[in-house]
Amino acid sequence: MGQKEATMSSWSQEQNQSPGGLNPHLSRTLLLLLLSVASAQGDPPNPNACLVFQSVKGTTVNCHPPAEIPRRLPTDTVHLAVEFFNLTQLPADILRGTPKLQELHLSSNRLENLSAEFLLPVPQLKVLDLTRNALSRLPRGLFRGSAALRTLVLKENRLHVLEASCLHGLQALEHLDLSENRLRTLPAGLLANLTDLRVLDLSNNRLETLPPDLLRGPQQLERLHLEGNRLRALEDDLLAPQKDLRHLFLSDNQLAKVAANAFRGLRWLDFLDLSNNSLSSVPKGLWAGLGRPTRDLQDGFDLSQNPWICDGNLRDLFRWLVDNKDKMFFRNDTRCAAPAALKGWTLLAVAESH
Ligand SMILES: *[C@@H]1O[C@H](CO)[C@@H](O)[C@H](O)[C@H]1NC(C)=O
Ligand SMILES: *[C@@H]1O[C@H](CO)[C@@H](O)[C@H](O)[C@H]1NC(C)=O
Ligand SMILES: *[C@@H]1O[C@H](CO)[C@@H](O)[C@H](O)[C@H]1NC(C)=O
Ligand SMILES: *[C@@H]1O[C@H](CO)[C@@H](O)[C@H](O)[C@H]1NC(C)=O
Ligand SMILES: *[C@@H]1O[C@H](CO)[C@@H](O)[C@H](O)[C@H]1NC(C)=O
C-alpha cells in the first residue's frame with residue numbers, strides 16, 4: 001500500500017521545528033518512541049503513543065487508550081482517530097493545524113456537545129464518525145464549511161430533536177447514519193438539499209411518523225433503514241421518489257397500514273423487510289411491481305411475525321406469495337392469527353391451497 005509504519009521520526013522532527021507549544025511530556029514520549037524505533041525495530045508499539053503511518057497521501061494518526069492525545073498533529077494529517085477515551089471534551093483546537101484532514105473518527109467517547117466552529121478548520125473532511133457519544137443536539141451551522149463531507153455517522157448518541165437546518169452545508173453527503181438515537185419526529189425539509197444521498201439509516205429511534213416529503217430531496221437512495229421505530233402507517237408519498245431503492249428495512253415497527261401505492265415507485269427493489277409489525281391485511285395492488293411476475297426481488301422478503309388475518313382480503317397477497325415463495329424468509333414464522341379455522345397455519349400453506 002506504500003504505507004510505512006513507525007515513521008514517528010519525521011513527525012517529531014516537524015514538531016521540533018516549532019517547539020513553542022509542545023508539551024514536555026509529549027516531546028519526551030516522542031523521543032522515547034523515536035529511540036525505541038531506532039534501536040529495536042519490530043518491537044510492539046509504545047502504548048503511550050498514537051500510531052502514526054505515513055503514505056504519499058498524507059499522515060494517518062490513530063490514538064487509542066492509554067496513548068496520550070497529541071496537542072499538535074502533522075500538518076499533512078489526512079486521517080485522525082481518537083477513539084475509546086470516554087472524552088467529554090475534545091482537546092481545544094485539535095483540528096487547528098490539519099487543513100487536509102479527510103477522515104475523523106471520534107467514536108466511543110462521551111462528547112455531549114460540539115462547538116459550531118468545530119469543523120471549520122477541516123473543509124476537505126469526507127468522513128466524520130461520532131458513533132457512541134452523548135450528543136443530544138447538533139449546534140446550528142456545524143456543517144456550514146463541510147461541503148466535501150460524504151459520510152456522517154451519528155449512530156448511538158442521544159439526539160432527540162433536529163432542527164430543519166442542522167444539516168445545512170452538506171452538499172456531497174452520500175451516507176447518513178442517525179440510528180440508535182432518541183428521535184421522535186423529524187422536521188420537514190431536513191434532507192431537502194441532500195441530493196446525493198445513497199444510504200439513510202434512521203433505525204432504532206422512536207419515530208412515530210415521518211414528514212411525507214422527507215425523501216423528496218434525496219432521490220437516489222439505495223438503502224433505507226427505518227427498522228426499530230414506532231411507525232404505524234406507511235403512506236403513498238414517502239417512497240414515491242425512490243426509483244433506485246434496493247434495500248428497504250421496515251421491521252420492528254407497529255405498522256398496521258401500508259397504503260396501496262406505497263411501493264409503487266420502487267422499480268428496483270431487491271429486499272423488503274416488513275417482519276414484526278402489526279399487519280393483519282394489506283390493500284390489493286400493493287405487490288404489483290414488486291417481485292414476479294414483473295421482476296425478481298432478488299435478495300428476498302420477510303413478512304413474518306405479523307398478525308395476518310387470512311381471509312379474502314389477502315387473496316392478492318396469496319397469489320403473489322405463490323409466485324415469489326422462493327424468495328420468502330421465515331415462512332414458518334409467517335402465520336395466520338385469524339380467522340379461528342386458520343389460526344396458526346402458515347400463510348404459504350393457505351396461499352397454496354387457494
Ligand atoms: C470508558 O468507559 C468504559 C465503560 O464505562 C470502561 O470500560 C473503559 O475502561 C473506559 N475507558 C477509559 C479509557 O477510561
Ligand atoms: C459543552 O457544554 C459544557 C457544559 O454546558 C460547556 O462547559 C462547554 O463549554 C460546551 N462545549 C462546547 C464545545 O460547546
Ligand atoms: C437548501 O439550500 C438552499 C440553498 O443553499 C438554502 O437556501 C436552504 O436553506 C437549504 N435548506 C436546508 C433545509 O438546508
Ligand atoms: C419486535 O419489535 C419490537 C418493537 O416494536 C421489539 O421490541 C421486539 O424485540 C421485536 N421482536 C423480535 C422477535 O424481534
Ligand atoms: C415450524 O414452527 C413450528 C411451531 O412454531 C415448530 O414446531 C416446527 O418445528 C417448525 N418447523 C420448522 C421446519 O422449523
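Whatever order the structure lists ligands and atoms in, that order sets their numbers, starting from 1. For this chain, numbers begin at 1 and follow the sequence in order. Remember, predicted model here, so these are calculated numbers, not experimental data.
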Atom 14 (O) of ligand 5 touched by protein heavy atom at under 4.0 Å | yes
Among protein heavy atoms, which lies nearest atom 12 (C) of ligand 4, and at what distance?
-> N276 ND2, 3.4 Å
So, W268 side chain and E222 main chain: donor-acceptor pair closer than 3.5 Å or not?
-> no
Donor-acceptor contact below 3.5 Å, side chain R335 vs main chain G344 = yes
When distances are taken from atom 10 (C) of ligand 1, the protein heavy atom at minimum range is N86 ND2, 2.4 Å
Atom 2 (O) of ligand 5: protein heavy atom closer than 4.0 Å?
-> yes
Could you see which bit of R331 sits under 4.0 Å from ligand 5, with heavy atoms only: side chain, backbone, both or neither?
-> neither
For the side chain of D273 and the backbone of S251, is there at least one donor-acceptor N/O pair under 3.5 Å apart?
-> no
Report the part of Q254 (side chain from C-beta onward, or backbone N, CA, C, O) that has a heavy atom under 4.0 Å from ligand 4; answer both or neither where that applies.
-> neither
Is it the side chain, the backbone, both or neither of R110 that has a heavy atom closer than 4.0 Å to ligand 1?
-> side chain
Name the closest protein heavy atom to atom 5 (O) of ligand 4, giving the residue it belongs to and the distance to 0.1 Å.
-> D252 O, 3.5 Å
Measuring from the heavy atoms of E83, does anything fall under 4.0 Å of ligand 1?
-> no
Identify, for atom 9 (O) of ligand 5, the protein heavy atom at the shortest distance, and state residue, atom and that distance.
-> N332 ND2, 4.8 Å
Establish whether L347 and I309 are linked, either directly or via other cluster members, by ILVMFWY side-chain heavy-atom contacts under 4.5 Å.
-> no
D296 bridged to K327 by N-O distance under 4.0 Å = yes
Applying side chain to side chain donor-acceptor pair (under 3.5 Å), run through N276 and D252 and close with a yes or a no.
-> CA-CA 5 Å; N276 191 20; D252 308 324; 2.7 Å; yes
Starting from atom 4 (C) of ligand 5, find the nearest protein heavy-atom neighbour and note its residue, name and distance.
-> R335 NH2, 4.0 Å
Near P65 (heavy-atom distance under 4.0 Å), the atoms of ligand 1 are 13 (C)
Judged by atom type as modelled, is there a donor-acceptor pair below 3.5 Å linking the side chain of R331 to the main-chain atoms of K325?
-> yes
Just wondering, do T98 and V122 contact through their side chains at under 4.5 Å, heavy atoms?
-> yes
Taking atom types as modelled, is there a side-chain donor on N157 or N181 under 3.5 Å from an acceptor on the other?
-> no
Under 4.0 Å from atom 7 (O) of ligand 4, is there any protein heavy atom?
-> no
Sub-4.0 Å heavy-atom approach of R230 to ligand 4 = no
